[in-house]
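Residue numbers start at 1 and run along the sequence shown. For clarity, every value in this text was computed on a predicted model and none was experimentally measured. These values consider heavy atoms only, across backbone and side chains, with no hydrogens, waters or symmetry-generated copies.
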Amino acid sequence: MSSEAPDIVNCFPEKPLPWQDTQWHPLIQRFQSGLLAHALLLKGAPGIGKGFFAKALAARVLCNQAGVSYACGHCKSCELVKAGTHPDLLEVQPESAGKPIKIDQIRRVNEFARKTAQQGGRRVIVINPAEAMNINAANALLKSLEEPGENTLFILASARSGDMLATIRSRCQMVTFSVPERAGSMAWLSDHIADPLIVEQLLDLASGSPMTARSMFDNGTLAIRGRLINAMPELFRGNLTPVEMAKDWHTSNLTELLAWMGSWLDDAVKLKLTADESSIRNRDLIRMLDYLAKKVEASDLLKLRDKIMLQRQQLLEGANLNSQMLMEGVFSDYLELLI
């Protein structure tokens, strides 16, 4: 791994990602002028590094060095941040993936925000993903946003800020992030992934989001996706039943599986309506997509795509769906398209 390819999950970096300078420098100027808002909402598509930015900003705000653009990485405060033991930094996230941020977690936030900074500077609270707060947690946070403690900074990050309470959004300064230009994403990923063709494929599958692409590579996602692709013809030929397929796949990352299967339908519609292969994400599946496009009406493809993406959204919001039955239904629906 390159020294420029940081641990994207666990570290508190000293600098933001290369494509985040536009958001970074105005905030640092406000911070150094004493004009930084007490609450920031970092919003944008998933997988573009908002959480990474939040951690880098937290590290800079807590750094003991004055007048620098980035956390120095070696002062006492930076060492505490890197060790995960800084007494004036609180990071809040769901207790497990797909679960909500609960009111008890936000009560701890409110208590933390009222205290005086132990290191004599600011207290920083990072909430990511902020849309994961359930309604009670969100309402509990409002009071602290309305009456923040002295020298307290809230940094909220969200890929679905529209799902958050309007009253929370209105109390935060919005900082908007866009999907970075492809050339910059490819350069960054190439520090970690040697094969440019793999980089291209990952970015296609990740809708251009470099952090998602990086995570997919680290998690062996392409191999898992390849197994599913190889199994689909067996389903279509009747060699595997939807029940058998579901047994093999229901313990997998279902939000990822549903995203793939929804994107295949989306691409099939694009091929059917435009015959333009350059616009599709799954360019390695042209034969299967072309088969679906020729066999199935666009309205039926879109109907199933919408159903699958709704189920995925329910999972993201913490719905307790039966995974075996869910995947049986998805594979059955795919099979019925061709009957």
Side-chain angles (χ1 to χ4, degrees), residues 46-47 97-98 193 195 197-207 209 212-272 275 277 279-316 319-339:
I193 305 168
D195 188 338
L197 295 179
I198 295 294
V199 172
E200 287 270 13
Q201 184 180 15
L202 288 167
L203 279 174
D204 284 342
L205 295 175
S207 298
S209 296
T212 300
R214 165 73 185 272
S215 180
M216 290 170 70
F217 179 82
D218 290 344
N219 294 331
T221 295
L222 289 182
I224 299 169
R225 175 177 172 271
R227 285 201 304 112
L228 179 61
I229 290 168
N230 290 335
M232 292 302 289
E234 299 302 307
L235 173 70
F236 295 152
R237 295 185 189 113
N239 296 331
L240 287 172
T241 68
V243 173
E244 291 169 330
M245 289 281 286
K247 285 181 180 178
D248 286 340
W249 290 97
H250 79 279
T251 58
S252 303
N253 182 334
L254 296 189
T255 58
E256 194 168 62
L257 256 62
L258 294 179
W260 297 338
M261 298 183 78
S263 74
W264 299 344
L265 297 166
D266 203 38
D267 282 347
V269 171
K270 291 176 183 176
L271 279 180
K272 190 175 188 72
E277 295 182 7
S279 66
I280 69 173
R281 292 169 58 185
N282 299 278
R283 299 182 194 180
D284 57 330
L285 301 182
I286 290 296
R287 285 186 62 188
M288 184 180 83
L289 299 175
D290 188 56
Y291 181 71
L292 287 171
K294 289 176 178 176
K295 283 277 189 178
V296 187
E297 293 296 326
S299 59
D300 292 330
L301 293 167
L302 289 170
K303 182 179 179 180
L304 180 54
R305 181 208 61 184
D306 290 346
K307 179 180 178 181
I308 288 173
M309 298 315 290
L310 175 60
Q311 291 168 326
R312 180 176 184 269
Q313 185 63 34
Q314 290 172 334
L315 289 174
L316 287 171
N320 186 23
L321 303 180
N322 183 299
S323 60
Q324 172 72 25
M325 293 182 64
L326 171 63
M327 293 313 299
E328 283 180 24
V330 171
F331 290 126
S332 293
D333 288 342
Y334 247 86
L335 190 55
E336 287 175 11
L337 285 177
L338 303 175
I339 295 176

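Taking 4.5 Å as the limit, every side-chain heavy atom of Q201 sits out of range of all side-chain heavy atoms of R283. A 4.5 Å side-chain heavy-atom check between L302 and L265 finds every atom pair outside the cut-off. At a threshold of 4.5 Å between non-hydrogen side-chain atoms, the residues Q324 and V243 count as touching. Using a 4.5 Å heavy-atom cutoff, the side chains of F217 and L222 are not in contact.
Counting heavy atoms of neighbouring residues, nucleotides and ligands inside a 6.0 Å radius, atom NZ of K295 does not exceed 12 of them. N320 CG: 12 or fewer foreign heavy atoms inside a 6.0 Å radius.
Between L289 and W264, the closest heavy-atom pair is CD2-O, 3.2 Å. Taking all atoms of both residues into account, the shortest heavy-atom contact from P46 to S209 is O-OG, 3.0 Å.
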Pairs under 3.5 angstrom only: tabulate donor-acceptor contacts from the side chains of residues 329-337 to other protein residues two or more places apart or in another chain.
unit_1, atom_1, unit_2, atom_2, d
S332, OG, E328, O, 2.8
D333, OD2, K307, NZ, 2.8
Y334, OH, M261, O, 2.6

Identify all side-chain donor-acceptor contacts of residues 309-316 below 3.5 Å with residues at least two apart in sequence or on another chain.
unit_1, atom_1, unit_2, atom_2, d
R312, NE, T255, O, 2.8
Q313, NE2, E317, OE2, 3.0

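Residue M288 holds its CE atom at 9.0 Å from CG of D267, rounded to the nearest 0.5 Å. A distance of 5.0 Å separates CG in D195 from CG in L197, rounded to the nearest 0.5 Å. Rounded to the nearest 0.5 angstrom, T212 OG1 and L205 CG are separated by 11.0 Å. Distance check, rounded to the nearest 0.5 Å: CG of L257 to OG of S323 gives 11.0 Å. Rounded to the nearest 0.5 angstrom, I224 CD1 and N253 CG are separated by 8.0 Å. The CE atom of M216 lies 10.5 Å from the CD1 atom of I198; values are rounded to the nearest 0.5 Å.
Between R237 and E234 there is a salt bridge, with a side-chain nitrogen of the basic residue lying less than 4.0 Å from a carboxylate oxygen of the acidic one.
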| field | Trace of the side chain to side chain contact (heavy atoms under 4.5 Å, CB included) decision for M245 with M232 | value | CA-CA 9 Å; M245 289 281 286; M232 292 302 289; 3.9 Å; yes
| When you look at L326 and L258, which way does the side chain to side chain contact (heavy atoms under 4.5 Å, CB included) test go after all the steps? | CA-CA 10 Å; L326 171 63; L258 294 179; 4.2 Å; yes
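The one candidate from I280, L292, D290, I229 that meets the side-chain contact (heavy atoms from CB on, under 4.5 Å) condition with L285 is I229.
A donor-acceptor pair under 3.5 Å is formed between the side chain of K272 and the backbone N or O of V296. No side-chain donor-acceptor contact under 3.5 Å links D266 to the backbone of G262.
A cation-pi arrangement is not found for R281 relative to W260, the charged atom failing to lie both closer than 6.0 Å to the ring centre and inside a 45° cone about the ring normal.
Side-chain N/O atoms of N282 and R225 include a donor and acceptor closer than 3.5 Å.
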